[in-house]
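The structure appears below as C-alpha cells.
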Amino acid sequence: MQRMSRLFARTLRDDPAEATVVSHRLLLRAGYIRPLGAGIYSLLPLGWRVHCRVVQVVREEMDRIGCQELLMPVVHPSDLWERTGRFHSVGSEMARLKDRWGRDMVLAMTHEEVATELGQWVASSYRQLPVCIYHFQTKFRDEPRPRGGLLRVREFTMKDAYSFDTDLESQEATYQDFMEAYLRAFRRCGIEPAIVESDAGAMQGSGAHEFHCLTEAGEDTLVVSASGRYAANIEIARAQKPVFDHGEPQPVEKVATPGQETIDDVAAYLGVETNQTLKAVFYWTGDALAFVAIRGDLQVNEAKLRSLLQAPDLRLAADQELESAGLVAGYASPVGLSNVTVVVDDSVESATNLVAGANEPGYHLVNVNFPRDFQADLRGDIAQVQSGDRSIEHDEPLQLMTGIEIGNTFKLGTYYSDRLDAQYLGADGRRHPFVMGSYGIGVGRLAASVVERYHDADGIIWPVSVAPYDVHIVQLGAGDVAADAERLAGELEAAGLSVLLDDRGDSAGVKFNDADLIGLPFRCTVSRRTLAAAAVEFKPRAATDRQSIPRDQIVKTVLEARAAALAALTPDAPVTMPPISSPGGNP
C-alpha cells in the first residue's frame, strides 16, 4: 500500500504551457514524469510503476517465443560501428565521445553491432540456431526536435531484440514469431496496432514493418488502402502515377515568363496544367548539391530521396549554395547542367513536352523531354503519396492517417554478420554468415500512447494491465473512517491487488479530482456514510456511475472486475495477424 500523503509526486491543477499533446499534459499534471532538459525526463514513482508494468508485459511475450533476456552496455567502443560503416553513416543523432585515453566511443542508440559480436562468440554451430536475445536498456538519440513528452525524447528505454538464423526461410519464421508476439503485447496494453511496411533506414536490411497507435497526436503519416491490403509509412509508400498525354515530343523553345517563379504561377501564365511542368528542388547532401526533377503536380518525399542518394544528413539547399553553383531559383532546370547531381523521379519518364526553367531569370523552356534534353545521374520513385492516389497492386484509393510508432521489426539479412565476420558452422561443414533480425519497442512511448488512447476530460484511464496501482482508495474522514480505509487496503493487498490510499486531509473534491487525474482502474471511497451503511462506494475509472457495494463483498467485486478487464485485453483466441503489406506489396 502506498499512502498519497507520502507519495513522491505533485499533481497540477493547470495544464503546463509546454505540453501540446494529451499524454504530455496528463503525465505532467498527474505527477508521473518531470522534465530535466529538452527530451530528458525523470520517471517519478507512479511513472516508474507504469514503466515496470509495460516492461513485464513485453518481457512475458518475449519469453513466450523463447527469446532470452540479457543486458548489453550503453557505451560502445567505436570499432564495431566503424566496421559496419555506421560510425560515419549515421547522422548527428548518434552521440560520439572520447574516453580518457582519446579512444572514440559511441553512446548506444541501438545494439546491432554488439549483439552480432555476441552471437558470433556464442552460436558457433547450426545446432545452436535459431536463437534470439533481448534486453531493456537505455538509449540516447540526439533528437533535433524532441516533443510530446515521452513521445519523442533523447534518452529512453527500449526493448530491443536480435535473432540469429541459418537461412532466409528460418529467419522468416522467426520474424513471424516476433510479429505475433508484438501484436499480443500491444493488445495486452490496450492498443490495437496498425502494422505498416516501413523503411529500414540506418538499420539497413531487406525489409521492415512498424506498429502504430493510430491517433491525431502521431507525427508519422501512414498510407492505407480502403481494404487495408496495402499499408505503409509515407516514407516508402508507393502509388500509381497517372500518365498525362501531352503529345509527341516537340522542339524546345525558350519563352519569356517575367516574374513567374512558382509552378502554379508558371502553369497559369502559359495556360498548362501543373502536370505538364518540371519542378526543380535543390538539396545539400553534406558535400554536394543534388538537383531533383519531378513532375510539377507531385511533391518530393525526402525519405525516399535520402535513401536513393545514401545521404543521411540531406537538407534543402541554402540560397548561397545555389548561387555558388550558378543556379537561378525559380528558373532552374536540368537542361544543360553538368556541375550537380541530377535526380529524376520516374514520373518524368512518361511525361512529354514539359515546361522547365531556362536557367535564366524571367525565362522558361517549353517542350522539354527526358532523356532527349537532359540526363539523370539517378532515377527512381521519390514522390510523396497523396490522399486519393490509388494503390499499385489493388487499384484502391489510398488515405492518409497519423500514428505513433510503438514498435518496429527489421529483416537485417547478413548485413551485420558479413561486416563483422559473424559466422556459424553449417551442416555442410562450411562456415556461413548469420541471417539476422532486429526488433524494437520504446517503453516510454508505448506508455504515453496508452494515455493518448485512454483518457477523458478529467484525466488518464489506465488499462488494468499497465496501471501503476489497481485500486485508488479515497478516505473521506479520520478516526473510524481512516481505520476502515486501512483495513480495506490490507484486505485488497492480501487478495493480490495493489493499492494507493489517499489519506491526505484535503477536501473530497480535491481527492476525487486527483483520483480521476491519476487514472487508476478502480476507485473505492470510504466515508462516514459508507461506514453507516456497512458498504463501500465503488467506481471503475471508465464508468460514469458509482455503486454501493456491501462491505463484505467489495474485495470480491474488485477482483471480478479486474479479472474481466484483463480477460478483455488477453482473449483466449489464437493471435490473428491483420492484413499487412510485404516489401513486395502483396498482402
query: Are S227 and E396 close enough that a side-chain donor and a side-chain acceptor fall under 3.5 Å?
result: yes
query: Going by an N to O cut-off under 4.0 Å, is there a salt bridge joining E155 and K139?
result: no
- prompt: Looking only at side chains, do S198 and N233 share a donor and an acceptor under 3.5 Å apart?
  reply: no
Main-chain N/O of S23 paired with E452 side-chain donor or acceptor, under 3.5 Å: yes
field: Donor-acceptor side-chain pairing of T262 and D264 below 3.5 angstrom
entry: no
message: Please determine whether ring-ring contact (aromatic ring centres under 6.0 Å, His included) holds for the pair Y162 and Y134, giving the CA-CA distance in whole Å, both sets of side-chain angles, and the decisive distance to 0.1 Å.
response: CA-CA 6 Å; Y162 305 92; Y134 76 99; over 10 Å; no
task: Describe, in one word, how the ring planes of F291 and F282 are oriented to each other, choosing from parallel (under 30°), tilted (30 to 60°) and perpendicular (over 60°).
output: perpendicular
message: Pair F370, R379 - check side chain to side chain contact (heavy atoms under 4.5 Å, CB included), show working.
response: CA-CA 11 Å; F370 175 83; R379 288 188 290 174; 3.5 Å; yes
field: Heavy-atom donor-acceptor pair, N301 side chain to K304 backbone, under 3.5 Å
entry: yes
field: E321 with R315: basic N within carboxylate O range, under 4.0 Å
entry: yes
message: Test your reading of the model: is there a side-chain donor-acceptor pair from Y416 to the backbone of A115, 3.5 Å cut-off?
response: no
field: Given L314, V340, L289, the one that forms side chain to side chain contact (heavy atoms under 4.5 Å, CB included) with Y283
entry: L314
- prompt: Under 3.5 Å, is there a donor-acceptor pair between the side chain of S163 and the main chain of G437?
  reply: yes
- request: Using only heavy-atom distances, determine whether the side chains of H246 and N275 contain a donor-acceptor pair under 3.5 Å.
  value: yes
- prompt: Can we say K241 and D346 salt-bridge, meaning some charged N sits less than 4.0 Å from an Asp/Glu carboxylate O?
  reply: yes
query: Thinking salt bridges, do R238 and E393 make one under a 4.0 Å N-O criterion?
result: yes
- request: Could you pull out all residues at least two apart from T341 that satisfy side chain to side chain contact (heavy atoms under 4.5 Å, CB included)?
  value: L309, V343, D377
message: Quick one: does any side-chain atom of T402 pair with a main-chain N or O of T215 as donor and acceptor, under 3.5 Å?
response: yes
message: Please confirm whether the ring centroid of F410 lies under 6.0 Å from the ring centroid of Y439.
response: no
task: Examine distances only and state if a side-chain atom of N359 and a backbone atom of S333 form a donor-acceptor pair shorter than 3.5 Å.
output: yes
query: Is E172 salt-bridged to K411, going by a charged N under 4.0 Å from an acidic O?
result: yes
message: Main chain of Q276, side chain of N353: is a donor-acceptor contact present, judged purely on distance under 3.5 Å?
response: no
- prompt: So, does D287 use its side chain to make a donor-acceptor pair with the main chain of T285 at under 3.5 Å?
  reply: no
Any donor-acceptor N/O pair, E117 side chain to E113 backbone, under 3.5 Å: no
- prompt: Would you find a donor on one side and an acceptor on the other, under 3.5 Å apart, between the side chain of Q310 and the backbone of S307?
  reply: yes
task: Rounded to the nearest 0.5 Å, what's the gap from CG on L183 to CD on E192? Could you check?
output: 6.0 Å
